[in-house]
Each structure stands twice: as structure tokens, then as C-alpha cells.
Amino acid sequence: SGLLAALDASHGRHLISVALLALETAMRRGELLALRWEHVDLKRRVAHLPETKNGKSRDVPLSSAAAAVLAALPRNIAGRVFTTSETAITDGFQRAA
């Protein structure tokens with residue numbers, strides 16, 4: 001779509017990856033940005049969210065597209081999948097829209 005192309009062309013770090021994962025998993029922005037590599041199992045294609053908005057944990061199935069997005073990302077020594085802020089994602093998305 002035009003929005004995905006604009007997100008991909010943007011200079012926002014991880015913007016297109018966050019958007020694609022949001023579409024594929026229906027995870028919230030905060031859940032995506034809090035996601036840690038130790039909670040991602042690409043072999044079983046599941047992401048574990050230890051704490052969600054309602055205070056409970058849940059497992060999110062990963063489609064093959066979602067797993068491919070995650071597999072293509074560099075691993076971060078700090079453990080977080082995305083090293084960007086909610087504000088940066090929101091601002092980048094608004095610019096692209």
C-alpha cells in the first residue's frame with residue numbers, strides 16, 4: 001500500500017518493521033517496543049508477552065511473515081527487539097501518513 005511504501009522510505013529506524021509486525025500480530029505499539037529477544041521463539045513462531053495492558057501475560061502466534069520480519073532484524077545486546085521510542089514510532093508514522 002502507499003502507507004507501507006512511505007513507511008519503508010522513511011528514515012525512521014525500525015518503522016516499517018514495527019508496522020509490519022503490528023499488522024501481522026495485532027500487538028500494540030507498547031507491546032512491540034517492550035518485546036525482548038528472550039521472549040521470541042522463531043522456531044515455534046511465538047512471542048511471549050510477560051505483561052500486557054490488562055496485566056496478564058499472553059503468547060502471540062507469529063505468522064510466517066511476522067517471523068521473517070523478526071529474523072531479518074539485528075540482535076540487540078540490550079535484549080530489546082526494537083531500540084526506539086513510542087514517540088519516534090508515532091512521529092514517523094504520522095509523517096509517513
Side-chain angles (χ1 to χ4, degrees):
S1 82
L3 179 59
L4 288 179
L7 291 170
D8 195 29
S10 78
H11 296 293
R13 189 173 67 193
H14 301 304
L15 196 53
I16 188 66
S17 299
V18 169
L20 290 172
L21 281 178
L23 288 170
E24 288 292 324
T25 64
M27 288 171 65
R28 294 178 177 94
R29 178 186 56 190
E31 292 172 338
L32 285 164
L33 295 180
L35 188 62
R36 299 182 62 80
W37 283 115
E38 62 260 30
H39 297 138
V40 175
D41 187 338
L42 292 176
K43 287 183 181 157
R44 288 184 40 235
R45 289 193 5 204
V46 67
H48 177 71
L49 305 179
E51 188 174 331
T52 62
K53 189 175 180 178
N54 67 11
K56 296 182 180 178
S57 67
R58 68 181 171 110
D59 287 338
V60 177
L62 300 173
S63 66
S64 55
V69 168
L70 288 166
L73 292 173
R75 299 303 192 265
N76 182 311
I77 195 159
R80 284 181 40 218
V81 174
F82 297 107
T83 56
T84 191
S85 69
E86 288 190 26
T87 302
I89 295 298
T90 299
D91 291 348
F93 190 85
Q94 288 175 339
R95 278 192 309 274

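All values below were derived from every heavy atom in this structure, side-chain atoms included, with hydrogens, water molecules and symmetry-related copies excluded. Quantities reported herein were computed from a predicted structural model and do not represent experimental measurements.
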Between Pro50 and the options Lys56, His39, Arg36, the side-chain contact (heavy atoms from CB on, under 4.5 Å) test singles out His39
Does Leu33 reach the side chain of His14, with side-chain heavy atoms less than 4.5 Å apart? no
NE2 of His48 to OG of Ser57, rounded to nearest 0.5 Å, is 4.5 Å
Mind checking whether Leu23 and Leu70 sit in one hydrophobic cluster, side chains of I, L, V, M, F, W, Y counted as touching below 4.5 Å? yes
* Asked: So if you build clusters from Ile, Leu, Val, Met, Phe, Trp, Tyr with side-chain heavy-atom gaps below 4.5 Å, do Leu42 and Phe82 land together?
  -> yes
Check: Would Trp37 and Val46 show up in the same hydrophobic cluster when neighbours are defined by side-chain heavy atoms closer than 4.5 Å?
Finding: no
Does atom CZ of Arg44 have more than 12 heavy-atom neighbours from other groups under 6.0 Å away? no
Q) Does some side-chain heavy atom of Ile89 sit less than 4.5 Å from a side-chain heavy atom of Leu15? A) yes
CG (Leu35) and CG (Leu73) are apart, to the nearest 0.5 Å, by 10.0 Å
Between Pro61 and Asp59, the two heavy atoms sitting closest are CD-O, 3.8 Å
To the nearest 0.5 Å, atom CD of Glu51 lies from atom CZ of Arg58 at 12.5 Å
Taken to the nearest 0.5 Å, the spacing of Thr25 OG1 from Leu32 CG works out to 5.0 Å
Exercise for review: Evaluate the side-chain proximity of Glu24 to Leu62: yes if any heavy-atom separation is below 4.5 Å, no if none is.
Suggested key: no
